[in-house]
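Just below is one structure, and these are the notes that go with it.
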2 protein chains.
Amino acid sequence: MKITIKDIAREAGVSTATVSHVINGTKNISEGKTKLIKGIIDKYNYVPDIRAKNLRNLKTKTAGLVVSSFPDSHVSGIVNGVGKRARELGYQMLFINTIEDQEYEKETIKLLSSHMVDGIIITPSKMDSQYLKKYIEQNLPIIQVLRYDPNLPLIPKVTMDDFQAGYDATVHLLQHGHHHIGLIYAKADVTSTTGRIEGYKAALKDYHFTFNESYLELGNATVEGGLKAIKHLINREKQITSLFVLNDLMTVGAMQGLTALSLKCPEDIALIGFGDFPAANITSPPITNVSMSSETVGQTAFDVLLNKINNPSYSRHIQIPASLMIRRSCGC
Amino acid sequence: MKITIKDIAREAGVSTATVSHVINGTKNISEGKTKLIKGIIDKYNYVPDIRAKNLRNLKTKTAGLVVSSFPDSHVSGIVNGVGKRARELGYQMLFINTIEDQEYEKETIKLLSSHMVDGIIITPSKMDSQYLKKYIEQNLPIIQVLRYDPNLPLIPKVTMDDFQAGYDATVHLLQHGHHHIGLIYAKADVTSTTGRIEGYKAALKDYHFTFNESYLELGNATVEGGLKAIKHLINREKQITSLFVLNDLMTVGAMQGLTALSLKCPEDIALIGFGDFPAANITSPPITNVSMSSETVGQTAFDVLLNKINNPSYSRHIQIPASLMIRRSCGC
DNA sequence: TTGTAGGCGTTATCAT
DNA sequence: ATGATAACGCCTACAA
């Protein structure tokens, strides 16, 4: 038997309006009745039906978080950061992982847009996310995190400063005398990748070295992917003396690959990873990493979403800086 | 301007019932009208308001996942597993991290119980979770994952086989001649910890060694916690020759601590971790771990929840086996 | 095959 | 200080 506000009202001998008011403190009700009603509510452990409440109020106090992959600590840091801030601000969080599947992503957004949430934080699976346009036209608050569609200028963004991070890491390698720098990326067609590669190119250019397309290799964001990638890359481009790996799991794979190839790090091949994970300083050698605070990204993302909800014209792009955590794999 | 089923009906010149039926395929509507109505729906990108739908239907097709901490890959694996299975079965997932705060946990359950979700998967923050009783009496489908209250026999559980895992790891160490085994645990008053410790004790007993309470040390599930714990432990109990560490992050901290103490692993101190993380085979030395598939736990948990939803008397306890991943830190 | 209308549980306006 | 009641948007008997 489900118990409703009517039941409470009946038992208290008052109207539903009165009960509603004591629940929400929205009007002055006499002390006596207040106490009586609260007692009955407690007795039955009554909680107002949130579906009805939402329907009436046009607010759900929940936000959607749609990410496109979830294996690494980076994404889980973001989930954590968003969740933390959401909690602080009294929001619930609906979490969906699209596993890089844009069709599912579209379905998901469609569903969430049906007043399931008050706003959405999304890591789009593809650079082209024009399908989002119709939602912003409908004034559904959406923001992008980590990755974005450059042709969606009205949607706020919270990302890493990928260009700068790529630039800095590359310069570091360059300054250690490495001109042949292999780069293993997780996924093409995504701004987090392209931004970092732009930074890599810019550094090369500033130091007067030519960019070599075939120094780039796809690693699919997994350990095995990183392992395979490094084997291909080093077989193909034997002059490579250093590696820039754009994701934690691939970094682990790359280190395994180096061992498999009997290559010493950093003597034969220097390496800088991207992301940074707790164990990075107990590996052999400890791994230099572009370190980023994914929790910060998550928290900021939620704040930005709230901004967007309260001010529909908000459209800022916030770039969180990364920093180079120097350990031994880079040859320092 | 929000568009509703009425608007669609008006523009199509039909009743809302007809529109509803073509949307849900719940009755035969003539081809012509069907096409017309679908056209209009597409034109306006109309999606039925899920709040209203839920209110009417008494189903939300969303499940709550309430975990109590989120720093490690273990929990994120579970989130991932639950999400994957939920997606396959057409459910959405509401994710909340209570950060080991039972008060917040209670509030959360209360909120979710207000017909926000069809069922709840929870990792309770404390062994005593009797507050859940009133919810099961109200027939809210709840299941426990990873940790549980032993005095809640009616609630299904999906956990690791913690006892067996603790037993096996300890036996492994014992067989290598280690009788003085320090144990660093993440959190007291929680079945995942007590189960593993029971296994540890049982192994000791089977091999005729006495259990020493002061070989146990709390490490708080963090890197720093593990680091501190090992320092305390080794200072206090100098005869210890091996370590069993019940969580990944603490394992990393313990390895750091060994280095800080100028202790060689495994020569001076052998070590077995619990959880297993991608980088565990590129550390120095590679770390032997009790390895568990958290994704499996997550997927199973969702299946069990669905069982509970469909059959309120379901109350099984499923124990997922772990396996020892032998690498070098244990001295093999 | 299609339409009418009541009700899901709340909140909030307008009376009293 | 309270109460009656009309929405919120949808689904679904029941009627036509």
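Protein chains get the first letters and strands the later ones, always in sequence-line order, with residue 1 at the start of each.
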Any side-chain N or O of [X] under 4.0 Å from OP1/OP2 of [N]?
| X | N | answer |
| --- | --- | --- |
| A:K6 | C:dG9 | no |
| B:T18 | C:dG3 | yes |
| A:S20 | C:dT11 | yes |
| A:Y46 | C:dT10 | yes |

Between [N] ([atom2]) and [X] ([atom1]): distance, integer Å:
| X | N | atom1 | atom2 | value |
| --- | --- | --- | --- | --- |
| A:I5 | D:dT5 | CD1 | P | 16 Å |
| B:I37 | C:dT2 | CD1 | P | 8 Å |
| A:R10 | D:dA4 | CZ | P | 13 Å |
| A:L58 | C:dT11 | CG | P | 13 Å |
| A:I8 | C:dT11 | CD1 | P | 12 Å |
| B:N57 | C:dG7 | CG | P | 17 Å |
| A:D7 | C:dG9 | CG | P | 9 Å |
| A:D49 | C:dG7 | CG | C1' | 14 Å |

Assess whether a salt bridge exists between [X] and [Y], defined as any Lys/Arg side-chain N lying under 4.0 Å from an Asp/Glu carboxylate O.
| X | Y | answer |
| --- | --- | --- |
| A:K110 | A:E107 | no |
| A:K61 | A:D118 | no |
| A:R51 | A:D49 | yes |
| B:R87 | A:E105 | no |
| B:D101 | B:K126 | no |

Of the nucleotides [options], which one has an atom closest to the side chain of [X]?
| X | options | value |
| --- | --- | --- |
| A:S15 | C:dG3, C:dT11, D:dG3 | D:dG3 |
| A:A52 | C:dT10, C:dA12, C:dG3 | C:dT10 |
| B:L55 | C:dG9, C:dG3, D:dC11 | C:dG9 |

Item to check | Polar side chain donor-acceptor pair, A:T18 to A:S15, under 3.5 angstrom | outcome: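 Yes.
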Checklist entry - Which is true for B:H21 with a 4.0 Å heavy-atom rule: it touches a base, it touches only sugar-phosphate, or it touches nothing? => result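 Since a base atom lies under 4.0 Å of B:H21, the category is base.
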Checklist entry - Which parts of residues 24-36 of chain B get close to DNA chain D, meaning a heavy atom less than 4.0 angstrom away? => result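 Correct list: B:N24, B:K27.
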Checklist entry - Counting only distance, no hydrogens or angles, is the base of C:dA12 paired donor-acceptor with the side chain of A:R56 under 3.5 Å? => result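 By the distance-only test, no, there is no pair.
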Next on the checklist: Tell me whether the NZ or CZ atom of A:K106 lies within the 45° cone about the ring axis of A:Y131 and under 6.0 Å from its centre.
Outcome noted: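 Cation-pi check for A:K106 and A:Y131: passes.
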